S.K.: 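Following this message is one structure expressed as structure tokens.
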There are 2 protein chains.
Amino acid sequence: MEKVAETTEPPGRREQNKIDTRKAIADAALALARRDGPGSFTVDQIAASAGVSRRTFFNYFHSAEEALNIRMESFLELAIGIFAEQPAGLPLLDTMIAAFGATTQVQNLGTHGELFRMAADNPELLRAQLHSWERAETRIVQAVQERLGSGVSHLYVTALVGSVLSCTKAAMQDWAGETPEPDDASGADLEARIVRALSLLREGFAHPA
Amino acid sequence: MEKVAETTEPPGRREQNKIDTRKAIADAALALARRDGPGSFTVDQIAASAGVSRRTFFNYFHSAEEALNIRMESFLELAIGIFAEQPAGLPLLDTMIAAFGATTQVQNLGTHGELFRMAADNPELLRAQLHSWERAETRIVQAVQERLGSGVSHLYVTALVGSVLSCTKAAMQDWAGETPEPDDASGADLEARIVRALSLLREGFAHPA
DNA sequence: GCCACAAATTGCACACTGTGCAAGTTCTGA
DNA sequence: TCAGAACTTGCACAGTGTGCAATTTGTGGC
């Protein structure tokens, strides 16, 4: 019985080291972004601050922005996971509302808002974030395709998923803009906004309430 | 009478040279992308091919991808212009449908589909395009805010505009994917898709027709 | 036409990015 | 304990993006 619960934890020293290194780099990048501003530091600084070589940094991330953006990725990862867990029978938009509303329970929610605000004056970071949303979109489109079968048009699915993500993004931006303090307890505020935006979508934006 | 119609044409040699140079660079970039593939050429090659120095290239564009992406920008520019011309009384979504449907009359429509397809296997180009859509979104949001006055919530406007652009993007992607030949006469196909996607949006995606 | 001024182009230097490769170090399993 | 796999690191190299100063080119007054 050397290995226990191999389904979820075969870490070993190697895996754990990689996880630690990855986290150390991401943390170093965030700390530098907070101190010097989003675009005002180099990869060398991140690497030195994380205690690894420049080359190792690039073994983990393609760019400084990607190291920052890993948190946004985890948020979208969570959204995709929750969506996949939802029962398949319900109307699609209700399922989406449930899934994206639940994402607000993610750890360190305040940091996500912070990164949103950072992207406002850092084009490279903004591009990285937009790219993250784009990749999430294609993954969700695939999941929805599988769920609905081949009877639904591709355009319907892509337009729907794109709109849902746009509304979620708008809700997060609105929330991040009006919640400058890194308050992790304001998840309810964000959830309310997401639900509101997606409800507007479900009603075809008929009333500008 | 040395100058005629100074309202729209004070070009002079200077202005015209800049326009020509800009166009020469963009054309050179597109030609190289067609020949070698989107990410397989350098700024030096573009500059040489356009007959300018490397430094001059960077006076016009921030990156190779931006030089490619200028056409997508012009498309979005056209959309914004048409939207601004629409009468202000109509329902917002109808105005949007009219505006984005009309954009398909842009010159060299086939090239736009081509660039969409290129972005599929070139992350940098994709990011540049996403960034273009993002900037267009904020501009349209501003225009809508002015049109509707301050009585409407910010979240409503951003969610609406984001959804409209997502649907338009989905329509273009669908069209570009199923129209591999650079056929400039297929504008009607694209327009039909855009109108269909936006109609779905207006109905809250109720029927997956 | 001439000339001073403004605007655009260019070469150069410099810091930084991103990647292949080979040598070194650390973990794994028998 | 040890061979081999996996990870890290230094190095080299091509490419990017930008400030600066020198040069060329268009503009407008005289």
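Treat the numbers as computed from the prediction; the structure is a model and nothing was measured. Here is the naming used below: chain letters follow the sequence lines, and residue numbers restart at 1 for every chain.
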S.K.: Mind calculating the distance between CG (B/D20) and C1' (C/dA8) to the nearest angstrom?
M.R.: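 Answer to the nearest Å: 14 Å.
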S.K.: Quick one: list whatever passes salt bridge (Lys or Arg N to Asp or Glu O under 4.0 Å) with B/E178, sequence neighbours left out.
M.R.: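 For B/E178, the residues satisfying salt bridge (Lys or Arg N to Asp or Glu O under 4.0 Å) (neighbours in sequence not counted) are B/R193.
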S.K.: Can you tell me the distance, in whole Å, between the CZ atom of A/R13 and the P atom of C/dT25?
M.R.: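 My rounded result for the distance is 18 Å.
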S.K.: State which residues pass salt bridge (Lys or Arg N to Asp or Glu O under 4.0 Å) with A/R34; sequence neighbours excluded, sorted by chain then number.
M.R.: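 Here the qualifying residues are A/E114.
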S.K.: Atom CD of A/E124 to atom C1' of C/dC16: distance rounded to whole Å?
M.R.: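 Spelled out: CD on A/E124 to C1' on C/dC16 is 13 Å.
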S.K.: Considering only heavy atoms, which members of residues 29-46 of chain A lie under 4.0 Å from some atom of DNA chain C?
M.R.: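 A/T42, A/V43, A/D44 - these, ordered by number, are the residues of the stretch whose heavy atoms sit under 4.0 Å from the strand.
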S.K.: Please list all pairs passing the ring pair (Phe, Tyr, Trp, His ring centres under 6.0 Å) test where one or both residues lie in residues 115-141 of chain B, with sequence neighbours left out.
M.R.: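 Sorted pair list comes back empty.
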S.K.: Taking all non-hydrogen atoms of both residues, which atom of A/Q129 and which atom of A/A119 are closest, and how far apart?
M.R.: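 Minimum heavy-atom separation between A/Q129 and A/A119: OE1-CB, 3.5 Å.
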S.K.: Can you tell me which residue pairs pass the salt bridge (charged side-chain N to carboxylate O under 4.0 Å, His left out) test with a partner in residues 120-130 of chain A, sequence neighbours excluded?
M.R.: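 Residue pairs passing salt bridge (charged side-chain N to carboxylate O under 4.0 Å, His left out), neighbours aside: none found.
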S.K.: Whole angstroms only, please: what is the CD1-P distance between A/I19 and D/dC7?
M.R.: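 Taking atom P of D/dC7 as the reference, CD1 of A/I19 is at 12 Å.
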S.K.: Looking at C/dG20, does its base get a donor-acceptor pair with the side chain of A/R55 below 3.5 Å?
M.R.: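 Checked by distance alone, the answer is yes.
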S.K.: Any N or O donor-acceptor pair under 3.5 Å from the base of D/dG15 to the side chain of B/R54?
M.R.: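 No.
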S.K.: Can you find a side chain N or O atom of B/N17 that sits less than 4.0 Å from OP1 or OP2 on C/dA8?
M.R.: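 For C/dA8, neither OP1 nor OP2 has a side-chain N or O of B/N17 closer than 4.0 Å.
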S.K.: What residues from residues 57-65 of chain A pass a heavy-atom cutoff of under 4.0 Å to DNA chain C?
M.R.: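 Only A/F58, A/H62, A/S63 qualify.
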S.K.: Show every side chain to side chain donor-acceptor pair (under 3.5 Å) that has at least one partner inside residues 162-171 of chain B, sequence neighbours left out.
M.R.: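 Sorted pair list: A/S166-B/S166.
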S.K.: Which comes earlier along DNA chain C counting from the 5' end, the contact point of B/T56 or that of B/R14, where each point is its nearest nucleotide?
M.R.: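 Taking each residue's closest nucleotide, the earlier one in sequence belongs to B/R14.
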S.K.: Sequence neighbours left out, what pairs pass salt bridge (charged side-chain N to carboxylate O under 4.0 Å, His left out) with at least one residue falling in residues 134-144 of chain A?
M.R.: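 Counting only pairs at least two positions apart or across chains, the salt bridge (charged side-chain N to carboxylate O under 4.0 Å, His left out) contacts touching residues 134-144 of chain A are A/E73-A/R135, A/E77-A/R139.
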S.K.: For A/D27, enumerate each residue passing the salt bridge (Lys or Arg N to Asp or Glu O under 4.0 Å) test, keeping only those at least two apart in sequence or located in another chain.
M.R.: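 Testing A/D27 for salt bridge (Lys or Arg N to Asp or Glu O under 4.0 Å), a comparison that skips the adjacent residues, returns A/K23, A/R71.
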S.K.: A/Q16 CD to C/dT26 P: how many Å, rounded?
M.R.: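 Rounded to the whole Å, the gap is 18 Å.
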S.K.: Is it the case that the side chain of A/N69 and the backbone of A/M72 share a donor-acceptor pair, with hydrogens and angles ignored and the cut-off at 3.5 Å?
M.R.: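 No: the side chain of A/N69 does not pair with the backbone of A/M72.
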